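See structure below.
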Protein chains: 2
Amino acid sequence: MDLSIGDVSRRVAVKVPTIRYYEQIGLLPAPPRTEGRQRRYGAEHVSRLSFIRHARDLGFDVEAIREFLSLSTQPDQSCHPADEIVLRHLESVERRIAQLNLLRSELRHMLEECRHGPVRECQIIQVLGDHGQCRHEHGKVV
Amino acid sequence: MDLSIGDVSRRVAVKVPTIRYYEQIGLLPAPPRTEGRQRRYGAEHVSRLSFIRHARDLGFDVEAIREFLSLSTQPDQSCHPADEIVLRHLESVERRIAQLNLLRSELRHMLEECRHGPVRECQIIQVLGDHGQCRHEHGKVV
DNA sequence: CTACAATCTCTAGCGACTAGAGGTTCAAGA
DNA sequence: TCTTGAACCTCTAGTCGCTAGAGATTGTAG
């Protein structure tokens with residue numbers, strides 16, 4: 001196992017600049033280099049990077065991943081902190097789903113109301129200009 | 001009607017720096033100024049800003065809002081372009097909801113599996129290290 | 001040995017703001 | 001009228017997690 005950054009990129013499906021970025025922010029340890037200063041990775045790096053990628057795919061932010069990685073080096077500690085992070089993340093996902101469901105129904109309503117005529121009569125533009133016409137209170141979504 | 005930026009901010013519930021930012025990117029026209037170069041807004045500005053705020057709350061990006069605003073000045077045009085934007089946005093919201101639902105069930109599963117023991121036995125950390133243990137394929141969510 | 005793909009470092013950009021520094025203006029109370 | 005201090009001004013930089021590009025160097029297959 002002595003992989004170039006491109007090899008690792010293909011294996012783990014993480015782009016080359018992203019791998020360098022993870023090194024830069026200290027998520028992935030700096031690997032050894034060739035004489036010509038090119039990075040060469042081993043199995044440890046690959047598995048750590050897939051851990052990172054998986055956690056990112058699950059929507060955890062870099063700070064959370066740092067915490068997970070640090071925990072995983074202390075097998076005797078309680079896993080409670082990891083638990084906590086997952087729970088908080090789940091809660092925020094659920095809040096987001098709730099918001100997006102409201103938003104979806106609002107957007108559907110706008111489309112149903114649209115008469116497909118000239119802008120003058122367009123409910124979409126009207127609703128945007130007058131929040132009172134919305135059926136829900138909706139806070140910021142994005 | 002001759003409102004300071006702070007007055008407008010309170011009325012429309014958009015922060016002061018955000019109002020200036022909207023002016024800078026050309027979403028909100030530059031208002032007249034006092035002798036001392038402070039901004040003074042009229043009713044037009046207030047209603048345009050609430051339009052913008054409402055659209056942002058509904059998750060439209062600045063480009064979409066630009067399009068809406070430009071349409072709203074052409075009342076005889078067909079509202080089809082607005083329709084299209086809303087539809088595309090709705091579709092992306094629905095895709096996101098679907099992803100987040102998958103994600104939610106994955107996170108719940110992780111929490112259920114957690115034995116609340118030491119990290120060594122922690123399913124959370126294990127699952128992150130081995131995507132094969134996931135029940136769904138989940139792509140990037142964030 | 002040559003060609004050229006892959007790598008290197010460095011800086012800047014994305015979107016939609018937000019924060020802060022350091023200076024000026026407005027308006028209310030004395 | 002003067003003073004105080006909150007609100008305003010401009011400008012730059014930071015947020016997050018990358019992504020893009022320039023310009024130089026290295027590795028490797030033929």
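The structure displayed is predicted, hence computed values, not measured ones. Residue numbers start from 1 in every chain, and the chains themselves are labelled A, B, ... in the order their sequence lines are given, proteins ahead of strands.
- Applying the salt bridge (Lys or Arg N to Asp or Glu O under 4.0 Å) definition to pairs two or more places apart or across chains, those involving residues 20-38 of chain B are B:Glu23-B:Arg33, B:Glu23-B:Arg39.
- Note: OH (B:Tyr22) to P (C:dG15) measures 14 Å, nearest angstrom.
- Residue B:Lys15 contributes atom NZ, which lies 15 Å from atom C1' of C:dG20 at whole-angstrom precision.
- Look at CD1 on B:Ile19: it is 16 Å from C1' on D:dT10, rounded to the nearest Å.
- Taking atom CZ of residue B:Phe60 and atom P of nucleotide C:dG15, one finds them 18 Å apart after rounding to whole Å.
- OP1 or OP2 of D:dG27 sits under 4.0 Å from a side-chain N or O of A:Thr34.
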Query raised in the report: In B/S/- notation, 5' to 3', how is nucleotides 4-9 of chain C contacted by protein heavy atoms closer than 4.0 Å?
Result: ---SSB
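- With sequence neighbours excluded, no residue forms a side chain to side chain donor-acceptor pair (under 3.5 Å) with A:Arg48.
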Listed pairs, N/O of protein and of nucleotides 14-16 of chain D, under 3.5 Å:
none

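- A ring-ring contact (aromatic ring centres under 6.0 Å, His included) check over residues 64-87 of chain B, counting only residues at least two apart or in different chains, returns the pairs B:Phe60-B:Phe68.
- The CG-C1' distance, from B:Leu3 to C:dC26, rounds to 15 Å in whole Å.
- Straight-line distance from the CD1 atom of A:Ile25 to the P atom of D:dG17: 7 Å, rounded to whole Å.
- Applying the side chain to side chain donor-acceptor pair (under 3.5 Å) criterion to A:Glu94, with sequence neighbours excluded, gives B:Arg108.
- Distance OG/A:Ser47 to CZ/A:Arg11: 12.0 Å, rounded to 0.5 Å.
- Regarding contacts with the backbone of C:dT18, a side-chain N or O of B:Thr18 is found under 4.0 angstrom from either OP1 or OP2.
- For the ring-ring contact (aromatic ring centres under 6.0 Å, His included) condition, the pairs that include at least one residue of residues 22-45 of chain A, sequence neighbours left out, are A:Tyr41-A:His45.
- The residue among B:Gln24 and A:Glu35 whose nearest nucleotide of DNA chain D is located toward the 5' end is B:Gln24.
- A ring-ring contact (aromatic ring centres under 6.0 Å, His included) check over residues 97-120 of chain B, counting only residues at least two apart or in different chains, returns nothing.
- For the side chain to side chain contact (heavy atoms under 4.5 Å, CB included) test, residues two or more places apart in sequence or in another chain that qualify with A:Arg10 are A:Asp7.
- A salt bridge is defined here as a Lys NZ or Arg NE, NH1 or NH2 lying under 4.0 Å from an Asp or Glu carboxylate O, and A:Glu91 with A:Arg88 fails to meet this definition.
- What separates CD of B:Glu23 from P of D:dC11 is a distance of 12 Å, to the nearest Å.
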